[in-house]
Number of protein chains: 2
Amino acid sequence: MVRQREFDKEKALDDAMELFWEKGYAATSISDLTAIMGIQRPSLYATFGDKEKLFEAALRKYTNLHASLIRTKLQHATSVKEAFRNLFEELIEEEYKNKVSKGCFCINTIIELAPHDEKFEILTREHEMYLSVIFQETLLKGIKSGELESNLDVKALAQALVVALIGITVLLKSHLERSFVDKSVTLILSLIK
Amino acid sequence: MVRQREFDKEKALDDAMELFWEKGYAATSISDLTAIMGIQRPSLYATFGDKEKLFEAALRKYTNLHASLIRTKLQHATSVKEAFRNLFEELIEEEYKNKVSKGCFCINTIIELAPHDEKFEILTREHEMYLSVIFQETLLKGIKSGELESNLDVKALAQALVVALIGITVLLKSHLERSFVDKSVTLILSLIK
DNA sequence: ATCGAAATATACTGATTGGTATAATATGAG
DNA sequence: CTCATATTATACCAATCAGTATATTTCGAT
């Protein structure tokens with residue numbers, strides 16, 4: 001090792017993640033990336049391989065962050081019902097705040113790349129399955145604490161909540177009126193008994 | 001008018017719709033389009049304007065077809081519950097049949113273009129709202145016929161069903177295991193009482 | 001102080017992008 | 001038959017694409 005890298009690799013990857021997240025794979029050019037990452041073209045290729053490798057690294061970073069964020073939010077709540085309500089409401093609040101709604105990087109990739117590239121089909125599928133596992137664990141805790149009914153179909157409910165989360169996230173990107181989103185969320189959360 | 005067009009405009013638009021639906025806006029080139037539409041480049045521009053205009057025409061054609069397809073399916077059923085069950089199950093069956101899952105052209109566009117182009121934000125939002133109206137009408141018929149409880153919150157339920165439909169459609173693109181999808185659908189449909 | 005390896009900056013590659021200019025062809029109106 | 005017009009086919013445009021060759025700079029090991 002002789003000359004040290006002048007930029008922060010993780011910071012650069014963060015910047016790439018944000019841009020791919022907002023614009024998708026095809027609509028993001030290498031020039032866009034080097035501009036926002038603040039590095040030169042050959043540095044990008046030397047550090048991250050090529051455009052697809054960089055995208056994959058960015059997506060993996062996102063799914064890890066996203067999973068641990070959701071896990072944390074669900075853990076730090078006294079009531080399971082309240083935890084899920086907060087999860088959905090914060091998502092809604094967040095998306096209405098931003099002018100350009102980026103949605104979920106993983107969902108965006110399911111739509112754009114999963115059907116055409118098995119690598120991303122697997123990566124995104126495993127993330128969604130992992131979310132349902134987190135949801136299951138949370139629901140189980142609620143049953144143990146006596147908050148939720150013991151005959152609840154935990155697996156089905158967790159999976160339905162993932163479906164709802166995805167549906168809501170997509171709808172938020174077209175700025176659907178707030179009451180539409182709120183009403184449907186309330187009804188779906190009523191499945192948690 | 002002197003020389004008649006040698007190709008069928010609606011047929012060509014159909015072909016463009018299929019390709020945009022499968023690959024999205026950015027990943028579809030004019031060369032891809034002229035190849036599948038079987039026409040020359042200047043014919044495409046003379047007939048449809050430019051790439052974005054062609055995409056918009058294709059999407060409008062899709063949303064019209066999609067809405068009337070769903071309306072028909074819901075009308076031609078004796079039971080409202082069965083009608084919604086069939087709607088979801090046929091969607092699932094269809095997506096598992098195809099090797100490349102195209103999903104829903106409107107949802108794909110919400111993800112790719114709605115956040116960056118108000119024209120598509122509005123177009124896609126209105127389609128999803130229209131679907132919820134079709135769902136509401138169907139649920140109301142079920143109440144009138146006595147099949148459904150009269151105190152049902154029709155609007156909220158219709159909107160929740162749209163959310164679920166979107167979530168399921170997205171998940172099908174990453175080829176999630178069948179039981180995941182089936183279980184969550186069954187639970188969500190249990191909201192129709 | 002010198003050498004070599006890695007990171008940098010500039011400039012370049014061939015291929016592809018969306019969009020057109022041009023010229024040949026077809027066809028109905030007069 | 002002739003002319004005007006719209007459609008066709010070919011060939012082209014500048015701009016941008018992903019990726020790289022080259023040359024310079026940096027800096028620790030010797």
Side-chain angles (χ1 to χ4, degrees), chain A residues 1-60 105 108-109 112-113 116-120, chain B residues 1-60 105 108-109 112-113 116-120:
Chain A
M1 227 172 306
V2 279
R3 180 179 177 176
Q4 62 242 26
R5 196 185 284 119
E6 292 180 6
F7 62 93
D8 184 328
K9 185 177 173 179
E10 282 306 310
K11 168 72 168 54
L13 184 55
D14 261 344
D15 294 334
M17 181 185 79
E18 292 286 334
L19 196 59
F20 276 133
W21 184 358
E22 181 181 328
K23 306 194 11 165
Y25 180 79
T28 302
S29 72
I30 301 289
S31 299
D32 294 335
L33 288 164
T34 55
I36 212 166
M37 295 163 84
I39 66 177
Q40 298 299 325
R41 208 169 257 259
S43 299
L44 186 152
Y45 282 92
T47 311
F48 299 103
D50 59 11
K51 188 185 177 186
E52 193 182 300
K53 289 261 179 59
L54 174 58
F55 182 90
E56 187 182 340
L59 180 57
R60 285 188 188 279
F105 189 10
N108 298 353
T109 305
E112 186 184 7
L113 301 182
H116 311 100
D117 189 327
E118 199 182 6
K119 170 167 24 40
F120 293 112
Chain B
M1 228 171 307
V2 280
R3 180 178 178 177
Q4 63 241 28
R5 195 184 285 119
E6 293 180 5
F7 63 92
D8 183 328
K9 184 176 174 178
E10 283 306 310
K11 168 69 168 55
L13 184 55
D14 261 343
D15 294 334
M17 179 185 78
E18 293 286 334
L19 197 61
F20 276 132
W21 184 359
E22 181 181 329
K23 308 198 2 167
Y25 180 79
T28 302
S29 72
I30 301 289
S31 299
D32 293 335
L33 287 164
T34 54
I36 213 166
M37 295 164 83
I39 65 177
Q40 299 300 325
R41 208 170 256 261
S43 298
L44 187 153
Y45 282 92
T47 310
F48 299 103
D50 58 12
K51 189 186 178 185
E52 192 182 299
K53 289 261 179 60
L54 174 58
F55 183 90
E56 187 183 339
L59 179 57
R60 285 188 188 279
F105 189 11
N108 299 352
T109 305
E112 186 183 8
L113 301 182
H116 311 101
D117 189 326
E118 200 183 4
K119 170 167 26 35
F120 293 112

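Chain naming here is simple, since letters A, B, ... match the order of the sequence lines and numbering starts at 1 in each.
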Whole angstrom value for the distance that separates [atom2] of [N] from [atom1] of [X]:
X: A/Leu33; N: D/dC17; atom1: CG; atom2: P; result: 11 Å
X: A/Ile39; N: C/dT10; atom1: CD1; atom2: P; result: 14 Å
X: B/Phe48; N: D/dT8; atom1: CZ; atom2: P; result: 11 Å
X: A/Arg5; N: D/dC27; atom1: CZ; atom2: C1'; result: 15 Å

Inset, instruction - Give the ring-plane orientation class for A/Phe55 versus A/Tyr25, where under 30° counts as parallel, over 60° as perpendicular and anything between as tilted. - result: perpendicular
Legend entry - For B/Asp32, all residues meeting salt bridge (Lys or Arg N to Asp or Glu O under 4.0 Å), sequence neighbours excluded: B/Lys23
Inset, instruction - Quick one: list whatever passes side chain to side chain contact (heavy atoms under 4.5 Å, CB included) with B/Gln4, sequence neighbours left out. - result: none
Legend entry - side chain to side chain contact (heavy atoms under 4.5 Å, CB included) partners for A/Ala35, two or more places apart: none
Inset, instruction - Please identify each residue that fulfils ring pair (Phe, Tyr, Trp, His ring centres under 6.0 Å) with B/Phe48, with sequence neighbours left out. - result: none
Inset, instruction - May I ask you to verify if any side-chain N or O of B/Gln40 is less than 4.0 angstrom from the OP1 or OP2 atom of D/dA9? - result: yes
Inset, instruction - Please state whether the phosphate of D/dT8, meaning OP1 or OP2, lies under 4.0 angstrom from any side-chain nitrogen or oxygen of B/Ser43. - result: yes
Side chains of residues 40-47 of chain B: which donor-acceptor pairs under 3.5 Å do they make with residues two or more places apart or in other chains?
from, atom 1, to, atom 2, distance (Å)
B/Arg41, NH2, B/Ser31, OG, 2.8
B/Thr47, OG1, B/Ser43, O, 2.6

Inset, instruction - Output every pair passing side chain to side chain donor-acceptor pair (under 3.5 Å) with a member in residues 49-58 of chain A, not counting sequence neighbours, ordered by first then second residue. - result: A/Glu52-A/Lys119, A/Glu56-A/Arg60
Inset, instruction - With sequence neighbours excluded, tell me which residues meet side chain to side chain donor-acceptor pair (under 3.5 Å) with B/Glu118. - result: none
Inset, instruction - Quick one, give me the B/S/- string for nucleotides 15-26 of chain C, reading 5' to 3', where B means a protein heavy atom under 4.0 Å from the base and S means that only happens at the primed atoms, P, OP1 or OP2. - result: --SBBBB---BB
Legend entry - Those residues of residues 14-24 of chain B lying under 4.0 Å from DNA chain D by at least one heavy atom: none
